[in-house]
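For clarity, every value in this text was computed on a predicted model and none was experimentally measured. One is the number of the first residue; the rest follow in order along the sequence.
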Amino acid sequence: MKILIVNGPNLNLLGQREPGIYGSEAFEPYLETLRQRYADVEIEYYQSNVEGLLIDKMQEAGFLSKEPVDGIVLNAGAYTHTSIALHDCIRSLKCPVIEVHISNVHQREEFRHHSYISSACKGVICGFGLDSYRLAIEALRPTPSPSQGERS
């Protein structure tokens, strides 16, 4: 299985930017933790502050590639609340996308309560800190079928 994690604007500053909201851990060490925990999953990572580059990467990984990813974990940052272009991109992909947020956006400013991308995503996870990414990976992994003779 191959999963792409995409982080949008200002998420390159995790660990430094507003630690009261986003925590004090940088993303790269957490990414290594995810890769170790999910050694059976190829986890790619991409971050950009530019909306068009996020779209290019997701189209490439989830649609145009000869070997598209099986799912995308997307933290679009502030573009969540403004980008119809990201919504349209997600709808064009052949793989599911899980929208994630580190903070609980519904406990923050009212303008963060609306997402332009949620309706195009398979699901939304918010408010669990960096663990939101782990939960999204879990949501994208196939559910194991019960062994023969076991009850579900």
Side-chain angles (χ1 to χ4, degrees), residues 1-51 53-81 83 86-87 89-91 93-108 112 115 117-152:
M1 176 169 222
K2 187 194 286 188
I3 293 175
L4 172 65
I5 297 175
V6 176
N7 274 342
N10 300 308
L11 292 166
N12 56 312
L13 299 177
L14 285 175
Q16 303 167 37
R17 173 185 171 229
E18 298 181 90
I21 294 173
Y22 300 107
S24 57
E25 185 177 359
F27 190 76
E28 288 72 14
Y30 181 73
L31 177 62
E32 287 311 310
T33 301
L34 289 176
R35 286 180 172 150
Q36 289 171 11
R37 180 176 185 144
Y38 299 103
D40 61 326
V41 177
E42 182 181 340
I43 300 175
E44 294 181 23
Y45 176 63
Y46 181 77
Q47 188 281 326
S48 178
N49 293 320
V50 180
E51 181 181 33
L53 295 177
L54 297 172
I55 292 167
D56 288 346
K57 182 63 176 180
M58 289 193 305
Q59 285 180 351
E60 174 193 322
F63 187 75
L64 301 174
S65 173
K66 290 179 183 174
E67 294 182 31
V69 297
D70 298 297
I72 296 174
V73 175
L74 172 63
N75 185 338
Y79 289 138
T80 300
H81 318 292
S83 183
L86 279 173
H87 169 97
C89 171
I90 294 164
R91 290 184 53 93
L93 301 176
K94 294 179 180 178
C95 66
V97 176
I98 305 291
E99 175 185 347
V100 300
H101 300 283
I102 295 167
S103 67
N104 182 344
V105 293
H106 301 288
Q107 290 180 336
R108 298 187 60 198
R112 296 185 197 276
S115 168
I117 64 174
S118 291
S119 64
C121 291
K122 178 180 180 181
V124 179
I125 299 169
C126 72
F128 294 96
L130 290 179
D131 208 33
S132 296
Y133 294 90
R134 181 192 62 79
L135 294 169
I137 290 171
E138 287 290 333
L140 289 170
R141 289 175 56 132
T143 306
S145 351
S147 299
Q148 205 170 7
E150 288 183 20
R151 293 185 180 169
S152 45

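Atom CG of L54 sits about 7.5 Å away from atom CG of L74, to the nearest 0.5 Å. Atom-to-atom distance recorded for I98:CD1 and L135:CG is 10.5 Å, nearest 0.5 angstrom. Interatomic distance, N12 CG to Q47 CD, rounded to the nearest 0.5 Å: 4.0 Å. With values rounded to the nearest 0.5 angstrom, E138 atom CD is found 6.0 Å from R37 atom CZ. Between the CZ atom in R91 and the OG atom in S119 there is a gap of 7.0 Å [rounded to 0.5 Å].
At distances below 3.5 Å, at least one donor-acceptor pair connects side-chain atoms of T80 with backbone N or O atoms of G77. For Q59 (side chain) and L93 (main-chain N/O), no donor-acceptor pair under 3.5 Å exists by modelled atom type.
Pairs of residues two or more places apart, or lying in two chains, that qualify as side chain to side chain donor-acceptor pair (under 3.5 Å) and include a residue from residues 122-132 are D131-R134.
In plain terms, the two heavy atoms of P9 and A78 that are nearest each other are CG-N, 4.2 Å. Counting all heavy atoms, side chain and backbone alike, S103 lies closest to C126 at O-CB, 3.6 Å. In this structure, I90 and C121 approach most closely via the heavy-atom pair CD1-SG, 4.0 Å. Across all non-hydrogen atoms, the minimal contact from A26 to L130 is O-CD1, 4.3 Å. Between N75 and Y133, the shortest heavy-atom contact is ND2-OH, 3.1 Å.
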Should E51 and N49 be marked as a side chain to side chain donor-acceptor pair (under 3.5 Å) after you check the CA-CA gap, both sets of side-chain angles, and the distance that decides it?
-> CA-CA 7 Å; E51 181 181 33; N49 293 320; over 6 Å; no

Check the pair F27 / I5 against side chain to side chain contact (heavy atoms under 4.5 Å, CB included), numbers first and verdict last.
-> CA-CA 11 Å; F27 190 76; I5 297 175; 3.9 Å; yes

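Every side chain to side chain contact (heavy atoms under 4.5 Å, CB included) that E32 has, sequence neighbours left out, goes to R35. In this view, E42 and K2, E44 satisfy the side chain to side chain contact (heavy atoms under 4.5 Å, CB included) rule, not counting sequence neighbours.
Contact check for D40 versus R141: side-chain heavy atoms found under the 4.5 Å cut-off. Residues I117 and V97 have side chains not in contact (no heavy-atom distance under 4.5 Å, counting atoms from C-beta outward). Contact check for Y46 versus L53: side-chain heavy atoms found under the 4.5 Å cut-off. Put simply, the side chain of L4 reaches to within 4.5 Å of the side chain of K57, judged on heavy atoms. L140 is not listed as a side-chain neighbour of D70, based on a closest heavy-atom distance of 4.5 Å or more.
Screening I3, N7, L34, V73 for a side-chain contact (heavy atoms from CB on, under 4.5 Å) involving Y45 leaves a single residue, N7.
Atom OH of Y38 is surrounded by more than 12 heavy atoms from other residues, nucleotides or ligands within 6.0 Å.
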